[in-house]
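Excluded from the calculations below are hydrogen atoms, water molecules and symmetry mates; all remaining heavy atoms, backbone and side chain alike, are included.
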Amino acid sequence: MRRLRETVPLVKLDHHRAGSGEPLLLLHGIWESWHSWAPVVDRLSAERDVLALTLPDHLGSPPLPAGTAPTFQAWADALEAELDAVGWERPDIVGNSLGGLLALELASRGRARTVVGVSPAGMWTLEEAQAFVKQSRRLHRPVRVALPIMRRLVRTDRGRRLLMADNCVDPTRIPPVEAARLLAGFAFCDVAGQLAANTLPDGSMNRIEALDQVRCPVLILHPTGDRIMSREHAERFLVEIPHAELRELPDCGHTAMFDAPELVSTEILRFTSVST
């Protein structure tokens with residue numbers, strides 16, 4: 001840990017902190033921000049000291065230091081420096097999608113007391129990874145160009161159903177302001193650069209190398225309506241982390257916090273409260 005304190009510059013990240021009690025770190029999905037946790041922060045902060053961060057290179061936070069490629073390992077380094085800065089040695093960490101991958105990466109470094117992954121990334125097959133990269137690259141420019149029109153569209157239920165179907169089973173559960181924020185996050189991130197930094201020469205995605213070093217309790221939450229991560233993807237974590245648990249979130253999509261905030265909050269608090 002001293003190596004990180006000495007060599008990783010502290011990047012002041014956009015964040016939300018509230019509540020008191022045991023520390024709980026919330027990490028969002030790729031091209032999103034801490035606001036993706038907005039539906040659950042009040043419930044969680046009623047019992048915990050909650051810190052929700054926006055990753056470097058994401059809308060609202062500064063980039064990584066010059067010359068640092070935006071790999072998930074570099075983002076984890078920045079998060080570890082943030083943990084040192086706030087004095088959190090081993091908080092409970094909850095992550096959605098990319099945030100779940102980062103939570104497990106931090107756990108492999110010994111920096112998590114427990115991990116809850118809500119549809120965590122990191123277990124795609126080569127074909128799944130290539131399909132995700134292809135779709136993301138194909139959509140990025142049109143979304144950026146049409147962002148003003150899309151922001152108006154998501155003010156309506158019909159517009160959110162059209163544009164947010166990959167996020168939620170019922171996209172109308174996403175408040176219009178948060179739907180617009182999700183679109184802006186995707187539009188203004190360096191999607192091509194971040195994908196390239198985390199894609200290996202054979203086309204597969206960058207993976208955690210030391211999942212066998214994850215010793216803390218781990219809960220994988222799989223939304224049954226997830227259109228991005230399959231049940232099979234979730235089950236692959238159980239092979240790599242034999243002590244991990246898998247539970248389903250019914251009637252939820254990939255960004256399950258919007259579909260079922262009470263259910264997601266309850267699962268997080270129950271698991272992190274009883275795990276030792």
Side-chain angles (χ1 to χ4, degrees), residues 13-14 27-39 52-64 69-72 74-75 95-102 118-122 124 127-199 203 205-206 223 225-230 233 252-259:
L13 302 177
D14 184 31
L27 303 176
H28 60 80
I30 195 165
W31 310 316
E32 298 184 5
S33 71
W34 75 259
H35 294 271
S36 294
W37 292 102
L53 294 171
T54 297
L55 295 171
D57 304 298
H58 288 68
L59 191 64
S61 279
L64 290 164
T71 62
F72 80 75
W75 287 328
N96 174 226
S97 197
L98 170 64
L101 182 155
L102 290 171
V118 183
S119 200
W124 273 322
E127 292 75 18
E128 289 167 346
Q130 290 175 335
F132 175 75
V133 170
K134 182 179 180 180
Q135 182 185 36
S136 299
R137 287 177 171 162
R138 178 176 58 83
L139 291 175
H140 184 230
R141 180 171 174 76
V143 171
R144 187 161 195 168
V145 170
L147 183 60
I149 296 171
M150 290 182 171
R151 280 172 161 164
R152 291 197 293 272
L153 283 174
V154 295
R155 295 173 189 169
T156 68
D157 287 353
R158 184 176 181 181
R160 294 199 296 288
R161 290 192 187 99
L162 175 67
L163 297 174
M164 299 281 111
D166 283 345
N167 293 88
C168 289
V169 166
D170 181 358
T172 64
R173 294 167 176 165
I174 307 176
V177 65
E178 297 301 343
R181 202 190 311 273
L182 289 167
L183 288 169
F186 181 65
F188 290 112
C189 277
D190 178 11
V191 170
Q194 291 174 14
L195 288 173
N198 289 284
T199 302
M205 296 298 287
N206 190 6
D226 196 333
R227 293 171 43 156
I228 297 176
M229 308 287 189
S230 66
H233 181 277
C252 288
H254 188 68
T255 318
M257 301 82 76
F258 290 108
D259 269 319

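- In this structure a side-chain-to-backbone donor-acceptor pair under 3.5 Å is present from T156 to L153.
- Annotation: side chain of I228 is in contact with side chain of W124 (closest heavy-atom distance under 4.5 Å).
- We find the CZ-SG distance between R144 and C189 to be 9.5 Å, quoted to the nearest 0.5 Å.
- Residues R155 and P176 come closest through the heavy atom pair CA-CB, 4.0 Å.
- V118 and A256 get closest at one heavy-atom pair: CG1-CB, 4.1 Å.
- Scanning all heavy atoms of the two residues, the minimum distance from C252 to P223 falls at O-CB, 3.3 Å.
- Residues Q194 and W75 have side chains in contact (heavy-atom distance under 4.5 Å, counting atoms from C-beta outward).
- The two residues A69 and A74 make their nearest non-hydrogen contact at O-CB, 3.4 Å.
- Side-chain N or O atoms of D157 include none that pairs as donor or acceptor with a backbone N or O of T172 at under 3.5 Å.
- Annotation: the span from H233 atom NE2 to S119 atom OG amounts to 7.5 Å, rounded to 0.5 Å.
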Derivation and outcome, side chain to side chain contact (heavy atoms under 4.5 Å, CB included), residues L183 and M164: CA-CA 9 Å; L183 288 169; M164 299 281 111; 3.6 Å; yes
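- In terms of heavy-atom proximity, N167 sits nearest to D259 at O-OD2, 4.4 Å.
- Between the OG atom of S33 and the CG atom of L55 there is a distance of 9.5 Å, given to the nearest 0.5 Å.
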Worked check of side chain to side chain contact (heavy atoms under 4.5 Å, CB included) between V133 and Q130: CA-CA 5 Å; V133 170; Q130 290 175 335; 5.8 Å; no
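- The shortest side-chain heavy-atom distance between L13 and P56 falls under the 4.5 Å cut-off.
- Scanning all heavy atoms of the two residues, the minimum distance from R151 to A180 falls at CG-CB, 4.2 Å.
- Side-chain N or O atoms of R160 include one that pairs as donor or acceptor with a backbone N or O of V154 at under 3.5 Å.
- Distance check: N198 CG to F72 CZ gives 7.0 Å after rounding to the nearest 0.5 Å.
- Under the 4.5 Å side-chain criterion, counting only non-hydrogen atoms from C-beta, M205 is not in contact with L101.
- Note that CH2 of W37 and CG of L27 are 8.0 Å apart. Values are rounded to the nearest 0.5 Å.
- Aromatic ring orientation, F132 versus W31: parallel (interplanar angle below 30°, classes split at 30° and 60°).
- The distance from atom NZ of K134 to atom CG of L139, rounded to the nearest 0.5 Å, is 11.5 Å.
- In this structure, S61 contributes its side chain and D14 its backbone to a donor-acceptor pair below 3.5 Å.
- Side-chain N or O atoms of T54 include one that pairs as donor or acceptor with a backbone N or O of W34 at under 3.5 Å.
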Worked verdict on H28 versus L53 for side chain to side chain contact (heavy atoms under 4.5 Å, CB included): CA-CA 8 Å; H28 60 80; L53 294 171; over 6 Å; no
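- Using a 4.5 Å heavy-atom threshold, the side chains of F258 and P171 count as separate.
- A distance-only check finds a donor-acceptor pair linking the side chain of N96 to the backbone of H254 [under 3.5 Å].
- Contact annotation: the side chain of E178 never approaches that of T255 to less than 4.5 Å [non-hydrogen atoms, C-beta and beyond].
- Applying the 6.0 Å contact sphere to CZ of R141 captures no more than 12 heavy atoms from other residues, nucleotides or ligands.
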Derivation and outcome, side chain to side chain contact (heavy atoms under 4.5 Å, CB included), residues E32 and S97: CA-CA 10 Å; E32 298 184 5; S97 197; over 6 Å; no
